[in-house]
Amino acid sequence: MSLRRLLLRLPRYLGVSGSPRRLWWSPFLDTISSVGSWRGQSSRSPAHWNQVVSEAEKIVGYPTSFMSLRCLLSDELSNIAMQVRKLVGTQHPLLTTARGLVHESRHNLQLRGLVVLLISKAAGPSSMNASCQNYDMVSGIYSCQRSLAEITELIHTALLVHRGIVNLSELQSSDGPLKDMQFGNKIAILSGDFLLANACNGLALLQNTKVVELLASALMDLVQGIYHENSTSAKENHITEDIGISTWKEQTFLSHGALLAKSCQAAMELAKHDADVQDMAFQYGKHMAMSHKINSDLQPFIKEKTSDSITFNLNSAPVVLHQEFLGRDLWIKQIREAQEKGRLDYAKLRETIKAGKGVTSAIDLCRYHGNKALEALESFPPSEARSALENIVFAVTRFS
């Protein structure tokens, strides 16, 4: 399927099924008892996410917190933003997305671009190919690699916007008027498409066929992964699909890992590094993204103060692992016992899951992927940029 055709079909793929989506977010490091094996962490590694990001931004010489705002503040999207105000008072997810882009971007939306810049600086120029030496380089990073980081963020932001499309057949009266929710869906589709179009234009300007292929395949992976997520989440109000942890890993790589992994690889391609270096960059991006997603999945189960009303994804890593340890029949029984008048009591189910092995196993899995990411970094020479990449892993996998 061509990239152009994929973009035309993207909103339909993302809006087929599933309840209104809640946004992915970066972890704030709450504490629980340490479980499982863990590589020794540097005494220099920051314990708080904000500090990790702040130090990393200093290394790349460039505040990445608002990396995608150059496109977001264009005349076209400024006009769309004026229309988004009509959604105030509704529960449309596009409002949450817009709020996150402006007010919370330092915390959650720019991780991918920052990692691409850091791994670009950690690898440096290729010693085997001098053809890149004429490229503009600032703070040890080629201008084309900075462009790639922005493109990666544009794609991620566009997918966040598209994931906010609401399944109109599952609306509740508290969500807002049907007309407003329909309008919000149209705005989400148009603004997401605009961001993707700008990303594609930026890719073309890089004039590197392999990089275009990598990012196009990452976008296709994202669509496939999100489609599977929506297909399974549509069943959450009843009994979830028995996907198993192996299937969960495959789907999570597609929906959360592929973009970062292939962007890191593409950054190496732009600097003309060989296949081995490209593969190590890919492995870091893959395992870092997987670890980050598991950390996000764990938050409802490890936060010291959690609201009883907070919901969680029944296909998240701790829940899938809990189900796998428990067995399908007992899991269905627990789901039914947690239901009251046809509605799921998430607080009761959360305590049941915390009493099992799913949470501790998810922590171990998070640390496993963190270790694999650190192993990939060992092929890069010691530097501030490599240390910053290690610190990001430490921040995501530190639970004590």
Side-chain angles (χ1 to χ4, degrees), residues 10 13-14 18 21-28 49 68 93 96-97 100 105 107-116 119 149 151-164 192 195-196 199 214-233 243-266 281-300 312-321 362-363 365-370 372-373 376 389 392-393 395-397:
L10 183 61
Y13 289 160
L14 298 178
R21 308 286 304 181
R22 300 303 173 201
L23 292 182
W24 169 91
W25 54 282
S26 289
F28 294 93
W49 183 257
S68 56
T96 308
T97 308
S105 58
H107 302 312
N108 57 6
L109 293 178
Q110 307 297 329
L111 171 67
R112 289 158 181 79
L114 179 58
V115 169
V116 169
I119 207 160
I151 290 165
T152 301
E153 283 302 337
L154 281 178
I155 293 173
H156 175 60
T157 303
L159 267 293
L160 282 181
V161 173
H162 274 149
R163 291 173 87 166
L195 293 172
L196 285 174
L214 283 169
L215 271 292
S217 66
L219 183 54
M220 295 179 73
D221 289 341
L222 278 164
V223 173
Q224 183 180 351
I226 295 171
Y227 177 81
H228 286 305
E229 279 186 0
N230 287 343
S231 298
T232 54
S233 66
I243 62 173
I245 195 62
S246 296
T247 303
W248 180 90
K249 287 180 180 180
E250 293 173 4
Q251 293 182 4
T252 300
F253 170 72
L254 293 176
S255 60
H256 291 82
L259 178 59
L260 182 57
K262 293 182 179 181
S263 293
C264 289
Q265 181 181 351
F282 176 93
Q283 294 301 324
Y284 176 83
K286 171 187 174 180
H287 290 291
M288 170 58 216
M290 294 292 288
S291 184
H292 191 281
K293 177 61 170 66
I294 297 168
N295 184 296
S296 179
D297 283 356
L298 279 163
Q299 293 307 306
F312 50 87
N313 190 336
L314 296 184
N315 286 315
S316 62
V319 181
V320 171
L321 286 164
I363 292 172
L365 185 61
C366 181
R367 288 173 170 166
Y368 165 79
H369 284 291
K372 298 296 285 185
L389 291 168
I392 289 175
V393 175
V396 172
T397 56

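Count residues from 1 along the sequence.
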Nearest 0.5 Å, what's the [atom1]-[atom2] distance between [X] and [Y]?
X	Y	atom1	atom2	answer
L196	I155	CG	CD1	7.0 Å
Q265	K286	CD	NZ	12.0 Å
Q299	F312	CD	CZ	14.0 Å
H256	H156	NE2	NE2	8.0 Å
M288	T397	CE	OG1	8.5 Å

For [Y], is there any backbone N or O sitting under 3.5 Å from a side-chain donor or acceptor partner on [X]?
X	Y	result
S291	C366	yes
Y284	L389	yes
E153	G113	yes

Closest contact, heavy atoms only, [X] versus [Y]:
X	Y	answer
S263	L215	OG-CD1, 3.7 Å
W248	L365	CZ3-CD2, 4.4 Å
A199	I151	O-CG2, 3.9 Å
G257	A289	CA-CB, 3.6 Å
A317	D297	N-OD2, 3.0 Å
A218	A258	CB-O, 4.0 Å

task: Would you mind reporting whether T247 and V320 have side-chain heavy atoms less than 4.5 Å apart?
output: no

- prompt: Of T252, L260, N295, which is the lone residue that meets side chain to side chain contact (heavy atoms under 4.5 Å, CB included) with M290?
  reply: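 Of the listed residues T252, L260, N295, the side chain to side chain contact (heavy atoms under 4.5 Å, CB included) partner of M290 is T252.
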
task: State which residues pass side chain to side chain donor-acceptor pair (under 3.5 Å) with S217; sequence neighbours excluded, sorted by chain then number.
output: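 K262.
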
Verdict with reasoning, L195 to L159, per side chain to side chain contact (heavy atoms under 4.5 Å, CB included): CA-CA 9 Å; L195 293 172; L159 267 293; over 6 Å; no

message: One pair to check against side chain to side chain contact (heavy atoms under 4.5 Å, CB included): V319 and N315. What are the steps and the verdict?
response: CA-CA 6 Å; V319 181; N315 286 315; over 6 Å; no

task: Would you please test V115 and T152 for side chain to side chain contact (heavy atoms under 4.5 Å, CB included) and show each step?
output: CA-CA 10 Å; V115 169; T152 301; over 6 Å; no

